[in-house]
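Structure first, commentary second.
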Amino acid sequence: MIRTRFAPSPTGYLHLGGLRTALYTYLYARKHHGTFILRIEDTDQEREVPGAVQKIYDSMHAAGLTYDEGPDVGGDYGPYIQTQRRDTYPQYAKQLVESGGAYYCFCTKERLDEARAEADKKGEGFKYDKHCLHLPKEEVQRRLEAGEPHVIRQNVPLSGTASFEDALYGHVEVDCATLDDNVLIKADGLPTYNFANVIDDHLMGITHVMRGTEYLSSAPKYNLLYSSLGWTPPVYVHLPVVMADSTRKLSKRHGDPSFEDLLEMGYLRDAIINFIALLGWSPRSEREFFTLQELEQAFDLEGLSKAPSIFDMTKLTWFNGEYMRKLSPTEYLQIATPWFKKVLDPAKIDFNRLAELLQSRTEVLKDIPDMVDFFAAMPAFDAELYTHKKMKTDPAVALDALTKMRPVLDGIFDWTEAAIHDALMTAIAEAGLKNGQVLWPLRIAISGKASTPGGAIEIAYLLGKDETLARLDRSIAQLKQ
RNA sequence: GCCUCCAUGGUCAAGCGGUUAAGACGUCGCCCUCUCACGGCGAAAACAGGGGUUCGAGUCCCCUUGGAGGUGCCA
């Protein structure tokens, strides 16, 4: 039975790299009918962000990544929040101390910082000198009893190698001599990630660990822990990072959007998931559209890529446009309406028709207000907009056409698109003009914009007869000046 | 600095010893058309460099270069 876990630390938002890790982890479990678990890694008390845990639940829910076990859904392996498991770690640390796999260390932070600074100055890497490993047992005991602050460090062998097998990267091996004796239990009694991940993954029966490559080089060290404890390590799958560009990884600090940001901008959940899934994984076919359910079937480790990939907002936007078009008219109307309302009055504009016209033109919801605000108020525009080579128009042609069409429009009683269309077409034919010579200037005259969602007829209908005529009169007057 | 990993168009990527080196986004052109989109058609655009192995290398090995990650009482 496969058990996977997504184990974020509560930093306040779900970044896209984290979302992808969560997605792959989820998909792998679903594909194999396994169990997907959410675990909160909050052992760094100093970095605690209020409300961040709730945000993680919300984001997972918004993404559609339902977990079978987790802090807010329960499960047989809880608690699923590491600070609530604080009492379970020390016993394993002590077990390691007894077997020689770890030792107490009383060195102060200050002393270590100094040593680190010195090593840095010499251009060398810092490595703890195992000073406290050699303390007499009695002294250790005495200082412990005296309540002296201390940590527990992993005792990495001075020679030999440590290694592990990664499902993606294969055999990864390092010389123990290059490894540092990491802190396992901090002075505050809480475990570091280096220790907690090993203990919890084992205790929670995790069979496959999927996580970012930032852990690739420390994984051999974790394997040392597994063997000291006499445990079998899980299958590891390290995932390459998601980059913002060729040199920088995605980060909120540099203004890169989080999953929540994307949602707020009007990117669709399914589009984001689809795009993210393909960022680092390929179905090895030409297919590019997948629902979450379809991904649950299609996903596999073979399609994973080893190189970091760059998050391309442009392609996400394209995906989003495609998903917009896939929506039923009703669904589109529903999600677009709040954005219409930011600039338009539903009593004055036919949202239904507007939605029909806008759906194929919408890439991201946040763009909607700028696309439709001219319905609320006629923007100022340059008369040069009337000039269009292909339509064979310029301000003079426009003035003539608009003047001729004014009474035609005024004569329409039943203000429907069909009626406007027929009346205009008849008049255009009678006047011996080309469609573009009339329709282009008319659209400009009543919208003031070079591009609009819909042509002159649709715009006129949406504006209503009175407003259309009022705008037309104003534009004609301006042309005469 | 040291350690680990990675390397096909601008981007995502297929390829897993023999191909005219797919496809998608983006870009450009044409068509459709009352604008812009949508849609259709087409074009430009890549195996980082050098050595091997092999009859044959984008595919395997080594070196160089470039990039990423790690080197925290952060995860």
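Numbered from 1 within each chain, the chains take letters A, B, ... in sequence-line order. Below, all heavy atoms of this structure are taken into account, side chains as well, without hydrogens, waters or symmetry copies.
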**Message:** I'd like to check the salt bridge (Lys or Arg N to Asp or Glu O under 4.0 Å) partners of A:Asp394; sequence neighbours left out, ordered by chain and number.
**Reply:** none
**Request:** Identify, with sequence neighbours excluded, every residue that meets side chain to side chain donor-acceptor pair (under 3.5 Å) alongside A:Glu288.
**Result:** none
**Message:** Which nucleotide, if any, forms a Watson-Crick or G-U wobble pair with B:G72, using both distances under 3.5 Å?
**Reply:** none
**Prompt:** Could you run down nucleotides 64-75 of chain B 5' to 3' and tag each one B, S or - for protein heavy-atom contact under 4.0 Å?
**Reply:** ---SSBSSBBBB
**Request:** May I ask which nucleotide in the shown strands pairs with B:U65, Watson-Crick or G-U wobble, both distances under 3.5 Å?
**Result:** B:A7
**Sequence-aligned protein contact record of nucleotides 16-25 of chain B, with B where the base is within under 4.0 Å of a protein heavy atom and S where only the sugar-phosphate is** = ------SSBS
**By side-chain contact (heavy atoms from CB on, under 4.5 Å) - contacts of A:Met371 (at least two apart)** = A:Leu358, A:Arg361, A:Asp367
Could you pull out every donor-acceptor pair under 3.5 Å between side chains of residues 102-119 of chain A and any protein atom, sequence neighbours left out?
from     : atom 1 : to       : atom 2 : distance (Å)
A:Tyr103 : OH     : A:Asp181 : OD2    : 2.6
A:Thr108 : OG1    : A:Arg111 : N      : 3.2
A:Arg111 : NH2    : A:Asp129 : OD2    : 3.1

**Item:** Residue whose closest nucleotide on RNA chain B lies nearer the 5' end, A:Glu322 versus A:Gly303
**Value:** A:Gly303
**Message:** Donor-acceptor check, side chain of A:Glu467 to backbone of A:Gly464, threshold 3.5 angstrom: yes or no?
**Reply:** no
**Request:** Output every pair passing ring pair (Phe, Tyr, Trp, His ring centres under 6.0 Å) with a member in residues 417-436 of chain A, not counting sequence neighbours, ordered by first then second residue.
**Result:** none
**Message:** If I compare all heavy atoms of A:Thr43 with all of A:Leu190, which pair ends up nearest, and what's the gap?
**Reply:** O-CD1, 3.6 Å
**Fill in**
Under a 3.5 Å limit on both distances, the Watson-Crick or wobble mate of B:C38 is none
**Fill in**
Contact check, residues 440-457 of chain A vs RNA chain B, heavy-atom distance under 4.0 Å, returns A:Trp440, A:Arg443, A:Ala450, A:Ser451, A:Thr452, A:Gly454, A:Gly455, A:Ala456, A:Ile457
**Proximity to the side chain of A:Tyr169 - top-ranked nucleotide from B:C34, B:A37, B:C5** = B:C5
**Message:** Can you list everything that forms a salt bridge (Lys or Arg N to Asp or Glu O under 4.0 Å) with A:Glu48? Sequence neighbours excluded, please.
**Reply:** none
**Message:** Students often get this wrong, so: under 4.0 angstrom with heavy atoms, is A:Lys390 touching a base, only sugar-phosphate, or nothing?
**Reply:** base
**Prompt:** Who passes ring-ring contact (aromatic ring centres under 6.0 Å, His included) against A:His238, sequence neighbours left out?
**Reply:** A:Phe164, A:Tyr236
Considering only distance and modelled atom types, tabulate donor-acceptor pairs under 3.5 Å from the side chains of residues 167-176 of chain A, sequence neighbours left out.
from     : atom 1 : to       : atom 2 : distance (Å)
A:Tyr169 : OH     : A:Lys306 : O      : 2.9
A:His171 : ND1    : A:Glu165 : OE2    : 2.5
A:His171 : NE2    : A:Glu173 : OE1    : 2.8

**Item:** Results of side-chain contact (heavy atoms from CB on, under 4.5 Å) for A:Arg406 - residues two or more places apart only
**Value:** A:Asp410, A:Leu469, A:Leu472, A:Asp473, A:Ile476
